[in-house]
Amino acid sequence: MPSLKDLKNRIGSVKNTRKITKAMQMVAAAKLRRAQEAAVAARPYAERMNAVMAGLAASVGGSDQAPRLLAGTGDDRVHLLVVMTAERGLCGGFNSSIARLARQHAQALLATGKSVKILTVGRKGREQLRRDMSQNFVGHVDLSAVKRVGYVDAQGIARDILARFDAGEFDVATLFFNRFQSVISQIPTAQQVIPAVFEGAATSALYDYEPSEEGILADLLPRNVATQVFTALLENGASEQGARQSAMDNATRNAGDMINRLTIQYNRSRQAAITKELIEIISGAEAL
Amino acid sequence: MAGTLQFDLVSPERRLASLAVTEVGIPGTAGDLTAMAGHEATITTLRPGLVRAVGADGVRAFAVTGGFAEITAAGVSVLAESAVPVEELTGTLLDKMIDEARSLAAMALPEDRDTAEKLVHDMQALKTAAGH
């Protein structure tokens, strides 16, 4: 049976924890709004890019001179998994859901005799995969100094991926990130970027291309990688804040429940102590 | 009165402009071109330069650093790698971009050297055009 003082301390400490989780929840809510705005603002570019690329890919894709970024290396032995997670924890299952998906993917590939290379973006994913996948690590991108993810960050990551591709380090690249659905639901997603795949039907509009179709495609494919990385980073950013908001909301509620339970226990113990003292006084008086 | 066309300028991070204009001047890789209503459907890549949109309420110019433009009979969408309204363009920003292009050119592989150096020259031309 904890003493009254212990209980009081305990209640105090849980109250402090509740204050912190409440504050984190509100900060996450504010950041989530900004992250969502950024994701929405980036959408027109990505959509246009995708539409134009799909059109180009449909008209050039079949030919022999199709760029390697589109047609692939003709092989799929070496896979690069780009695992994008957060730099911080305390956001529920956000980081582990991405790590789990990436690990499943990697194990499935390894089981079929493919080799796997892992590029991690964000500290948390690296920590989680280090235990069983560290021999597959080829690189890490640290975004902890970045306050607000910009297109330049995505360009940096894309440049890294493209340099590795040009050096023949891998055949297929896949991005792993959480797609933002709502505050309580983020969907771990695997998206293949090299060779490029395009969603949606190609527009059938006929265009003049300046310079040539192939020239434009060669120019745009690397940009498209950067755009997809950027979209993934933004989705991830919004998902992280959403996950943190709901995790901290739960934590705040749990702390409240705990405080109620402890307060009841504290009151009971106090009452018991008073009763005990009274009994002692009364029985003392009766004994005289 | 010439017909109007819809002009959209988007960068990866935000939409900078969306308005009805009468003509748009685009710095294409293969040369400058001006799109008006009824232009042949064209897709062109961009070199660093000024995109000028001439509308009913005057000319708006944006400095872009590459990307591509999609021109149809009804509108022009410019998807720029990065874009800044000319009013916000400063000499220091331009110098930073030129330095960046230079360092890229220094790193470029021999077969890409020409393209990278062209980028530096385009940037310098952009600086002159913007009047800095």
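Worth knowing before you read on, the calculation uses all heavy atoms, side chains too, and leaves out hydrogens, waters and symmetry mates. By convention in this document, chain letters (A, B, ...) are assigned in the order of the sequence lines, proteins followed by strands, and residues within each chain are numbered from 1.
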- Task: Would you check, one step at a time, whether the test side-chain contact (heavy atoms from CB on, under 4.5 Å) holds for Y45(A) with R15(B)?
- Result: CA-CA 8 Å; Y45(A) 186 89; R15(B) 185 192 292 270; over 6 Å; no
- Task: Please lay out, stage by stage, how I43(B) and D208(A) fare under the test side-chain contact (heavy atoms from CB on, under 4.5 Å).
- Result: CA-CA 6 Å; I43(B) 289 178; D208(A) 277 349; over 6 Å; no
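Contact annotation for R48(A): both backbone and side-chain heavy atoms come within less than 4.5 Å of a heavy atom of chain B. The contact between Q155(A) and chain B is made entirely by side chain atoms (from C-beta outward), counting heavy-atom distances below 4.5 Å. In this structure, chain A has a heavy atom under 4.5 Å from the side chain of L33(B), while its backbone stays farther away. With a threshold of 4.5 angstrom between heavy atoms, T45(B) approaches chain A through its backbone and through its side chain. In this structure, chain B has no heavy atom under 4.5 Å from any part of L234(A).
Pairing each heavy atom of P44(A) with each of V10(B), the nearest pair is CB-CG1, 4.1 Å.
Within residues 55-65 of chain B, no residue has any heavy atom less than 4.5 Å from a heavy atom of chain A.
Judged by distance alone, with hydrogens and angles left aside, the side-chain atoms of E13(B) form a donor-acceptor pair with the main-chain N or O of Y151(A) at under 3.5 Å.
The 12-atom threshold is not exceeded at CZ of R52(B), counting heavy atoms of other residues, nucleotides or ligands nearer than 6.0 Å. For L19(B), the CG atom counts as densely surrounded, since its 6.0 Å shell holds more than 12 non-hydrogen atoms of other residues, nucleotides or ligands.
Counting heavy-atom pairs closer than 4.5 Å to chain A, the top-ranked of the candidates T72(B), L79(B), T44(B), D8(B) is L79(B). By number of non-hydrogen pairs under 4.5 angstrom with chain A, the leading residue of A80(B), S82(B), G31(B) is A80(B). Comparing S77(B), G66(B), G28(B) by heavy-atom pairs within less than 4.5 Å of chain A, the highest count is held by S77(B).
For the pair L220(A) and F68(B), the minimum side-chain heavy-atom distance is below 4.5 Å.
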